[in-house]
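Worksheet: one structure, shown below.
Within every chain, numbering begins at 1; the chains are lettered A, B, ... in the order of the sequence lines, protein sequences first and strands thereafter.
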2 protein chains.
Amino acid sequence: MNPLIEQFKKYGYLNEALEKAVENRTRYFFKKKGEHFLREGQHLSSYFVLRKGLIRAYFLKNGREMNSWFGEENQIFGSILPVYTEKPSFENIQFLEDSEIYAISVDDLNELYRIYPELNLIGRKIAEEVCIILEERIMSLHTESAVERYQSLIRLQPNLLNRINLGHIASYLGITQETLSRIRR
Amino acid sequence: MNPLIEQFKKYGYLNEALEKAVENRTRYFFKKKGEHFLREGQHLSSYFVLRKGLIRAYFLKNGREMNSWFGEENQIFGSILPVYTEKPSFENIQFLEDSEIYAISVDDLNELYRIYPELNLIGRKIAEEVCIILEERIMSLHTESAVERYQSLIRLQPNLLNRINLGHIASYLGITQETLSRIRR
DNA sequence: ACACGATTTTGATATAAGTCAAAAAATGCC
DNA sequence: GGCATTTTTTGACTTATATCAAAATCGTGT
């Protein structure tokens, strides 16, 4: 079954017509490790679900990559900036493993919101949930030391540590790889 | 005119019945400098607009107050956690000047979403806009040094600097007051 | 099992920011 | 206008993290 619809159903009811409409606009991609899904400046997709694989989002700061988040299977993701502002994303999204992904484009999503206003309930709840996740991240960056942020990560996404190399995790935590290596010891 | 309705109208259309319903559920408060609007553990209000005055949101970390944001006139605010999860907020909201505020409670808002589903369009857009603001804050905390964060603040909310003391701003930036004082020089 | 490249760790040193204490300046109040 | 309180600045020292360089370890393909 279409995993995007599955995710939507967690937030509210979809009638048959709406379900069909989402189905018709969903695109499936298979991507190899290292490939990009979204590059800075594009605004390809808005909501997507990873069926299999692992992704990271990063942006460039002084020519250096900084990871902003990691995504695992069956989470719903959005490139929020494109969804709302129609501006291109400043984020890049790259696959860290061979991945399967189901996505709906900004334009299609906006069309669905227009034709099926009841989808706004689901959209609202998703956006609110994203807010909470973002707030927690802000709290973490605002108040925690590098050591504490590492401990939070272990607590919240323990399996990431086995799938992602230290450099990526350090950049997510906002510290250098050397410092992270020392923290672990 | 009710400033909450004014704000809502920036995001979408409200028919007469809905407008009246919002009107009936809006509460007006006048609060003196130093008073609290929301204390950790409560979940009083969800959306509110400051008609006049200045507020700060803060939380406690190891017994120390950390400011998470400041709010000025005619911005719309939400205590997101209560809105979505019905869990109490971990934030405290305090007035830094004598203030006038218009608010709608979590329960009333949820009722409105149920009775007037078209309000979900507005709620979605507000939540999405909040997401963008939060993402920018994350970027700032993640990638910028104390000096850069201070410069960003000057650029984005220059008038705050005249209304709020250094200690509060330092805590917002995630640095000590002494460091901020040295940066300014 | 070996060799190659990628990843992680270690070491020495530099820099940014924190801490604590006190002085200086600004603000409010009678 | 002068006193008390709050806010801001300064100084000396400490701690956390960054930087650069090199060594050690791991993983994969042959």
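Between C/dA17 and B/Thr179, no contact under 4.0 Å exists linking OP1 or OP2 to a side-chain N or O. Of the side-chain N and O atoms in A/Arg182, none sit less than 4.0 angstrom from OP1 or OP2 of D/dT17. At D/dT17, none of the side-chain N or O atoms of A/Thr176 fall inside 4.0 Å of OP1 or OP2 (strictly under the cut-off). For A/Arg185 and C/dT10, the shortest distance from a side-chain N or O to OP1 or OP2 is below 4.0 Å.
When the nearest nucleotides of DNA chain C are assigned to A/Gln177 and B/Ser145 by heavy-atom distance, the more 5′-ward of the two goes with A/Gln177. Comparing A/Asn165 and B/Val147 along DNA chain C, the residue whose closest nucleotide (by nearest heavy atom) sits nearer the 5' end is A/Asn165.
Distance CD (B/Glu144) to P (D/dA18): 16 Å, rounded to an integer number of Å. In this entry the distance linking CG of A/Asn162 with P of C/dT8 reads 12 Å, nearest Å. Distance, B/Leu96 CG to D/dT7 P: 11 Å, rounded to whole Å. Atom CD in B/Glu97 sits roughly 15 Å away from atom P in C/dT27 (whole-Å rounding). Atom CZ in B/Arg184 sits about 17 Å away from atom C1' in C/dA17, given to the nearest Å. Straight-line distance from the CG atom of B/Leu161 to the P atom of D/dT8: 11 Å, rounded to whole Å. Between the CG atom of B/Leu180 and the C1' atom of D/dT10 there is a distance of 14 Å, given to the nearest Å. The interatomic distance linking B/Glu178 (CD) with C/dA16 (P) rounds to 18 Å, in whole Å.
For A/Ala146, whose side chain is taken as the heavy atoms from C-beta onward, the closest listed nucleotide among D/dT17, D/dT19, D/dT9 is D/dT17. Relative to the side chain of A/Ile175, the nucleotides C/dT10, D/dT10, D/dA18 differ in distance, and D/dA18 lies closest.
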Take A/Glu73 and A/Lys52 through the test salt bridge (charged side-chain N to carboxylate O under 4.0 Å, His left out) and record every step on the way to the result. CA-CA 5 Å; A/Glu73 281 88 357; A/Lys52 190 181 171 311; 5.8 Å; no
A/Phe77/A/Trp69 under ring pair (Phe, Tyr, Trp, His ring centres under 6.0 Å): CA gap, chis, key distance, verdict: CA-CA 11 Å; A/Phe77 307 102; A/Trp69 47 266; 5.3 Å; yes
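A/Asn67 and A/Ser171 make their closest contact through N-OG, 2.6 Å (heavy atoms, listed as atom of the first residue, atom of the second, distance).
Ring pair B/Phe29/B/Phe37: centre-to-centre distance below 6.0 Å.
For A/Arg184 (side chain) and A/Leu180 (main-chain N/O), no donor-acceptor pair under 3.5 Å exists by modelled atom type.
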